[in-house]
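When a ligand or atom number is given, it counts from 1 through the structure's own listing order. Along the sequence shown, residues carry numbers from 1.
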Amino acid sequence: DDAIRIEGLRKTYASGKQALKGIDLNVPRGSIFGLLGPNGAGKSTLINILAGLVVKSAGKVSIWGWDQDRNPRQSRASIGVMPQELNLDPFFSPRGALEVQAGLYGVPKRDRRTDEILELVGLEDKAEAYARTLSGGMRRRLLLGKALVHNPHILVLDEPTAGVDIELRQMLWRNVRRLNRERGMTIILTTHYLEEAEEMCDEIAIINHGEVAARDSTANLLGNI
Ligand code: ADP
Ligand code: ADP
């Protein structure tokens, strides 16, 4: 079975903009899958639909075998999303933010792995700091941590390394590979950096003007460029 199955997915915003024009895509379980494409291609729209943050206009989405319309709760529980925006509630420390997030997902107190997650993303020394005192890099680390609190099967990262310094980029890449290899987590990431997709991904779909322009193994797709 696939981690994600998408059939005939369309999104037209209230403005009339057709952001997705009939996407068919499957993401195999256990893979690191890249969504590549220029700004405005529809990548964030696609991810926000997977995350349940944007309502699709038409089509079918299954997440870890759960139909998003028929089993919204199970679909949502199967996926964790690290968003692009660095919005965080300014009144919560990293520890507090992770606890709140775990509460939102209904993770029982005994099953919370807050310290483990703080350590994984390298925020153990900032566990009690206020979010508004965190640098952009630390916010990204916290957003990654928040995506992991419910131990999802699938981790989605929206432009995780856009405008990020080399140290944080390498931390993100290392963590993503570890989550994939050690926990078998399926990873989906969007990027407009070719070299990032080439370095990280097993398979790639190129999105352009709201359509899948190409989809193949990274070697086949980028090997000849
Ligand atoms: P909707 O998703 O129903 O269009 P939003 O509140 O998201 O409503 O957006 C309201 C309006 O703001 C949109 O109709 C659009 O004109 C504009 N807008 C918001 N985000 C974007 C964006 N990323 N690109 C272009 N226009 C946007
Ligand atoms: P990408 O992530 O590939 O840059 P997006 O999914 O953000 O692409 O955007 C796809 C298209 O939809 C763009 O033309 C964008 O301006 C438009 N768009 C995104 N969000 C909204 C919105 N809320 N309302 C109207 N248009 C939007």
Distance, nearest 0.5 Å, that separates NZ of Lys56 from CG of Asn48: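 Here the interatomic distance stands at 14.0 Å.
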
Stacked cation flag Arg76 on Trp66, 6.0 angstrom / 45 deg: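 No - Arg76 does not lie over the ring of Trp66 by the 6.0 Å and 45° rule.
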
Location of contacts on Lys17 toward ligand 2, heavy atoms closer than 4.0 Å: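 The part of Lys17 near ligand 2 is the side chain, not the backbone.
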
Residues Lys60, Asp67: salt bridge by 4.0 Å N-O rule: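 Salt bridge between Lys60 and Asp67, a charged N being under 4.0 Å from a carboxylate O: yes.
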
Lys/Arg N to Asp/Glu carboxylate O, Arg215 vs Asp24, below 4.0 Å: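 Salt bridge: no.
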
Donor + acceptor pair across side chains of Asp202, Ser31 (<3.5 Å):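 There is no such pair between these side chains.
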
Side-chain donor-acceptor contact under 3.5 Å, Thr191 with Glu196: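 There is such a pair (donor and acceptor under 3.5 Å, judged by atom type) between the side chains of Thr191 and Glu196.
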
Could you tell me which atoms of ligand 2, counted from 1 in the order shown, lie closer than 4.0 angstrom to a heavy atom of [X]?
X	result
Asn39	4 (O)
Ser44	1 (P), 2 (O), 6 (O), 7 (O)
Pro38	3 (O)
Ser15	25 (C), 26 (N)

Contact check, Gly42 vs ligand 2, heavy-atom distance below 4.0 Å: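 A heavy atom of Gly42 does come that close to ligand 2.
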
contact_flag Gly210 ligand 2 heavy-atom lt 4.0 Å: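 Flag not set, Gly210 not near ligand 2.
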
N/O separation below 3.5 Å, Ala41 to ligand 2: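 Right, the criterion is met.
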
